[in-house]
Structures are given as structure tokens and as C-alpha cells.
A.B. asks: 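Can you read through this structure? Questions will come right after.
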Amino acid sequence: MGEEFVALSLPPMLIGICAAVACALPGNFLLLRRQALIGDAISHVVLPGIVVAFLVTGIIAALPMMLGAGAAALVAVALIEVIRRLGKIEPGAAMGVVFTAMFAGGVLLLEQSDTSDVHLDVQHALYGNLESLIWLDAFGWSSLFDWAALKGLPPELPRMAATLAFVSGFTWVFWRPLKISSFDEGFARTVGLPTGVLGLSLVVVAAIAAVAAFDAVGSIIVIAMFICPPAAARLMTNRLEVQVAWSVGFATLSAILGYVLAGYGPLWLGFDDAVSAAGMIATVSGVILGLAALFGPERAPMGAPAEG
Amino acid sequence: MIWEALFLQLGYNATLVTIGAALLGMAAGATGVFLFLGKRALVSDAISHATLPGVGLAFIVMVLLGGDGRSLPGLLFGSALSAGLGLLCVSWLTRATRLSEDAAIGAVLSVFFGFGIVLLTVIQSMTAGRQAGLETFLLGSTAGMLWDDAVIIALGGAAVLALVVLLRRPMAAVAFDPEYIAASGGDVRRIELAMMGLAMAITVVGLKVVGLILIVALLIIPAVAARFWSERVGRVVVIAGALGGASGWIGAGLSATAPNLPTGPIIVLVAFALFLVSLLLAPGRGVLAAALRHRRFQRRVHLRQGLLALAQGQPIYEGLTLRLMRAAGHLRADGVATETGRAQAARALLDERRWHLLRSNPRHEAAAARYDGLTPLERVLTPDQIEELDRELRPEGIT
């Protein structure tokens, strides 16, 4: 049991947890700034970025793809801003125009280019392939201390861990300015914080988390983790510190529970095949949000009288 | 080849797809206007992603009942049910909790979509060897569209269009000012529900052609593009319908001309191209029109200031002003004023002094409010009034 678990389930589970937490952390601030759907937009425009990177370099490699995806995310953010200002359109609609058009462009490029022999398709972009990130060199728990075996880890794991470390570092270093500018942008500007730069760097960090997570787990998890755990945490508390802690907890819980349910749930019910782990993790995070919306202690709308 | 496609000469199937897509685009464009005006464009994103679990469940149920899982009416019915559920979730999360609407949209979108993906993998294992082909609902697929499917899409599009025409007044009113409607006894929630219901119908009807990820583009892009062309709701709706219909028609036509041109993305890209044209070229709100307006205004200000400087014998150094004055024939190349230039300058100075007098007199308060340093007084007052004003002006002129 242990042997199989370490080789087949531990790495994807860890990758899932890292991706979930890395997305949930910036998600907290995006939620408070009412920019929650930026995550949705970014995860759509990642597709054209990846396709263009593939067409330029001709190989499926992590680095050019992540660069391409990151560039596409920045282009999208800039385009949204340009269209919003030039056309005096509300941000939601500007976002809708940009990300659908870029996604359509990505699909078209993908269909036009000869990618049939490489593993690059829309389905992969959406679901990811969490289940396939296995660790063939592992033989039980002792492999965790075996350097030769550790080198056989799927490369997504260290990459995702590094992303998580970076995102956590950003959140930790800029905690106070982020907190102030998320709650009261006007006050933050008055005390001399560069709110514009801060807002943009938050979006960039979110994009980095999204692109890295997308590579490993697909875009469904990215959108779900940007919004669901922070939203559920928002219904639990009024304090940002506690909210972030809850959101990390919820993200971790969704990743573990979702992976286990997807991998073993069908077996318990008597079916042979596992279901999509990415989809199940998103579903679990939704169930958590639903429970928080029904029973969370701070769920009442703003200004509504307290219950009881 | 392209012309043949656009004029429906490419055979039965392509013609079917083109007409269906055009109707769908028209209905979607017209419906989208009300969502956009109510600042709720992205709700349609939640609706469209929420259709996926319904498609999956409908397939499973139909197979378990022994039928053909791919029957389009059944799948569309299932997708409508789950989209409706998603819509209810969005409105419940927004009303009953402190979460804002965008968070509710994102949550519903990702969770329903995730659950839909889980169901798709269940279906894949269920019908081992018999590929269900439900993935085509993600991006749409018009290959092998049947006559029955096309009829459903055309009828659905036409029905939605008719309902939009019927409901346009209450929907426009709610989109602009829900409080007013509520205060004057209208049922805002029912009208909003109807609005969302229409968006849902479009989504469901469009699943087959455009796919659920991109159908939201047909609801948003034509509406945003049409908004550039007019300030009147009725016209915006008509223009959005026309733009949407054109996107559907051209997009479907183009995609029929070559392999590897997926219909949904092409339609969306055509719509985006129309949006870009509108953004740049529309009179009034377009970027080009705004730039021209700014330039005209700048010229008027510089000319006026130049003439005033000329009349008062002040030197002009500013480059643009000098160029404009020369081009208008007010100055000679060496910077000396021409005959017309001096006459114009005198008129400008007289106008300015009349304005000055007018503004210092409280009796003319209403007229004085129209002072902007550019409008000649002749356009504000009648000749009689100006003559009366000039009588007060004269003593200052004599001294």
C-alpha cells in the first residue's frame, strides 16, 4: 500500500496542494478587490500563449510555454485596460471581449498548426493531467530520503513548490501594503503607497501562479482555487489574517479530498476507472463554499442585521 | 470559394450551418445588449459553463434509460436545467451571503465546469469503445450537423429574438434603473429572470455550434460593439443583432471554405474584428471620432487665442498657433498680419469684450453660463440683445 501510494498518489497530491494554495493566496486579495474574475480571464488566455510558444520554438518544453503563457496574460491585462479606457466600457464587458477573442485565437491556431503528434490540445489545457504525474523511481517511503530516487520526481513538483514559495514570499513581504490597498485604495494612496504598481504586481503574481499551476493541473483548478477557497474563507471571518489561513486550509482540503475521491471514490462505488482529479478538486472546493455559505459564521450580507 | 460560402453555394450542410449560425448570432447579439447595459455581461459566462454537468447527466440518464445518449433535444434540455441551477446559485450567493456577484460568478463557473468534467470522465469509462463525443460541446462542432439539429437551432434563435422584441421595453428599463422600476411598481426580479432566461436559452441553443466556452462571446462582443454606434437602446439592439448575425454568417461561411477552421472560434474572431472596427471608426463614441473632435477643438482654441493676441498687439511664439494662423490666411509667412487677419482679430476682440461685459452683468446670468471662450456671442444672443449690449460697451470704446 505504502509503496504504491508514494509512487502513484503522493506526487500528484503534493502538486495539487501546491497549486491550490499558490492560487488561493493571491485569490484572497483579488476577491477583496472585486477582481475575482481576473483568474478566469488569465486561465483562458493562457491557451493562445502556449500555442504561440509552441509554434515559435517547435518543442513542448516547460520554460518557453510558461514564458508564452505569462506574456499572453500580460497582453490580455493590457488589452482589457486599453479597451476599457478607449471605449469607456465597464471592466467586466471589456474582460469578456478580450479573453473570449484570445481564447478563440488560441483554438484556431491550435487547429491550424500541426500539433497532432504532440500532446497539446484543448482538453489537456482544461483538465490538466494530474493523474499522470507519477514517480516511477519510488519504492516506498524510504525513497523520500534517497537522492537518486528523488531525482526521478516529476519536474512539475519542484516547479510548483518554487511557485508556491514565491507567491507566499510575495504575500508575506507585501502583506501590509496589500492589506491596506485592498481594503481602502484611497487611504493607501494618501499615505503614499504606489497602488497602481501594487495592483498590477498582484495581477502578475496571480498570472505566475495561474501559469505554473495550469501547466501541472489544468485551468479548471486554477479558476476554482482563485475563487472558491478565498470566498469560503471570507464567510468564516472578518479578519484578513484568519481569512488567508482558512483559505489555505480549504485549498489544501479540496486538493487532498478531491484527489482521493477522484482516484478511489469510483473504486469504492464499484466502478473500475478513476474520474478526473482536476474536476473533482474543483467540485470539492465548491461543496466547501456551499457549506460555508450555509453555515459560515460571517456569511450575512454587508449591512444586514446579525442573526439571533 | 469565400464568396460561394457567403452566398450559400457550398452545399446542403454548409448552408444549414451558415443560416443557423446567423440566426443564433442575431438572437445572441440582441439579448446581450440588455446584459451589457445592466453591467451583468459576465453572468452569461457562469450560465454557459454551468451547462456542462447538465449535458453529462442528460447523456447518462438517456443511456441508462436505453436510449441514444446523443439525442440533441435531450442534451439541450439537461444543459438548460443545470444552467438554470447555476443561475439560481449565482443569485443565491449574491443575495444570501456577503460575496459580490463576480465572486459568485467565478465560483459557479468553475465548480459546475469541474463537476461537468468529472461527469465526462465517468461517461468515457461508461461507454468504453463508444466515444460519446460530448467534448464537441466545449468548442462546438458543426461537422455532421443534422437537419433536425439545424431546425432546433434556427427555431430557438428565432424564438429568443421574438421574445427580445416583446420584452425590450421592460428589460431596457430594468437594465438602466432597477430602483425606479421597483418604485413604480414593476416586478424587477421577474424581468431580470426573463433577461437571464433569454441568455440561458441562447447559451443552450448555441452549445452545438459555438460551444460552451465561446458562446459567451456572442452575448458580449456584438453588444459592446453596437454600443459605439448609437445612444438609443432600440438602435443598439438592432445593430447588435445585425453585428451578431453578420459574425455568425461570415464566420460559418469562412469555416466552411477550408478544413481546420473550427466554426465557433472563427465566428468569435469575426465578431471581435467587427468590434475593433466599431471601437476605432464609430462616429461619436469611436476612438478616431474622439481624436478628430479633440483636434478640431484644439485648433479652435489656438486660433482664437492667436487672434486675440494679434488684436492686442502681443507677439505669438507658440508653433501650432503660428501654423494655424498662417494656414487660415491670418498671418503672412513673415509673421505680419494680413488684412483679413486684422479684421478677424478685431472681431474676436470685440466678441471677447462683449462677453466680458455680459458676464459682469447679473441680468445675463443664463447667457453667461454658456461662455467657453470659443462660442461667438452671435450664437447665444439675438442681434437686438447684442445692440443693447453694445450701447453699454461704447463709452469704454470712446475713452
A.B. asks: Which pairs of donor and acceptor atoms, one on a side chain in residues 267-275 of chain B, lie under 3.5 Å apart (sequence neighbours left out)?
C.D. replies:
none

A.B. asks: Identify which part of B:Ala103 has an atom lying under 4.5 Å from any heavy atom of chain A, answering side chain, backbone, both or neither.
C.D. replies: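 Both the backbone and the side chain of B:Ala103 come within 4.5 Å of chain A.
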A.B. asks: Using non-hydrogen atoms only, which part of A:Glu298 is less than 4.5 Å away from chain B: side chain, backbone, both, or neither?
C.D. replies: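 Both parts, backbone and side chain.
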A.B. asks: Measuring heavy-atom distances to chain A, does B:Leu279 have an atom under 4.5 Å in its side chain, in its backbone, in both, or in neither?
C.D. replies: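 It is the side chain, since no backbone atom gets that close.
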A.B. asks: Is A:Ile223 close to chain B through its backbone or its side chain, or both, or neither, when contacts mean heavy atoms under 4.5 Å?
C.D. replies: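 For A:Ile223, the contact with chain B is made by backbone and side chain together.
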A.B. asks: Does B:Ile220 reach the side chain of B:Ser44, with side-chain heavy atoms less than 4.5 Å apart?
C.D. replies: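 A side-chain contact under 4.5 Å exists here.
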A.B. asks: If only atom types and distance count, is the side chain of B:His49 paired as donor or acceptor with the main-chain N or O of B:Asp45 below 3.5 Å?
C.D. replies: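 Checked: pair present.
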A.B. asks: Please rank B:Thr121, B:Val287, B:Thr97 by heavy-atom pairs under 4.5 Å with chain A and give me the top one.
C.D. replies: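 Between B:Thr121, B:Val287, B:Thr97, the count favours B:Thr97.
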A.B. asks: What option among B:Ala225, B:Ala41, B:Gly106 has the most heavy-atom pairs under 4.5 Å with chain A?
C.D. replies: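 Among the listed options, the one with the most contacts to chain A is B:Gly106.
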A.B. asks: Which one, B:Val216, B:Leu93, B:Leu261, leads in non-hydrogen pairs under 4.5 Å with chain A?
C.D. replies: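 That would be B:Leu261.
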A.B. asks: What part of A:Met95 is in contact with chain B, defined as an atom under 4.5 angstrom from a non-hydrogen atom: side chain, backbone, both or neither?
C.D. replies: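 The side chain, not the backbone.
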A.B. asks: Within residues 229-238 of chain A, which residues come under 4.5 Å of chain B, heavy atom to heavy atom?
C.D. replies: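 Listed by number: A:Ala231, A:Arg234, A:Leu235, A:Thr237, A:Asn238.
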A.B. asks: Does A:Phe226 have any ring pair (Phe, Tyr, Trp, His ring centres under 6.0 Å) partners at least two apart in sequence or in another chain, and if so, which?
C.D. replies: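 Counting only residues at least two positions away or on another chain, A:Phe226 forms no ring pair (Phe, Tyr, Trp, His ring centres under 6.0 Å).
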A.B. asks: Are any of the side-chain heavy atoms of B:Leu52 and B:Leu138 separated by less than 4.5 Å?
C.D. replies: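 Yes. Closest side-chain heavy atoms under 4.5 Å.
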A.B. asks: Which residue out of A:Ser276, A:Ala282, A:Gly39, A:Gly286 racks up the most heavy-atom pairs below 4.5 Å with chain B?
C.D. replies: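 If we count pairs closer than 4.5 Å to chain B, A:Ser276 comes out on top.
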A.B. asks: Tell me, side chain or backbone of B:Leu119 under 4.5 Å from chain A's heavy atoms, or both, or neither?
C.D. replies: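 When you check distances to chain A, no heavy atom of B:Leu119 falls under 4.5 Å.
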A.B. asks: Hey, which residues of residues 29-40 of chain B are touching chain A, say heavy atoms under 4.5 Å apart?
C.D. replies: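 Within residues 29-40 of chain B, the residues under 4.5 Å from chain A are B:Phe36, B:Lys39, B:Arg40.
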A.B. asks: Given a strict heavy-atom distance threshold of 4.5 Å, which part of B:Asp102 is in contact with chain A: side chain, backbone, both, or neither?
C.D. replies: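 Both parts, backbone and side chain.
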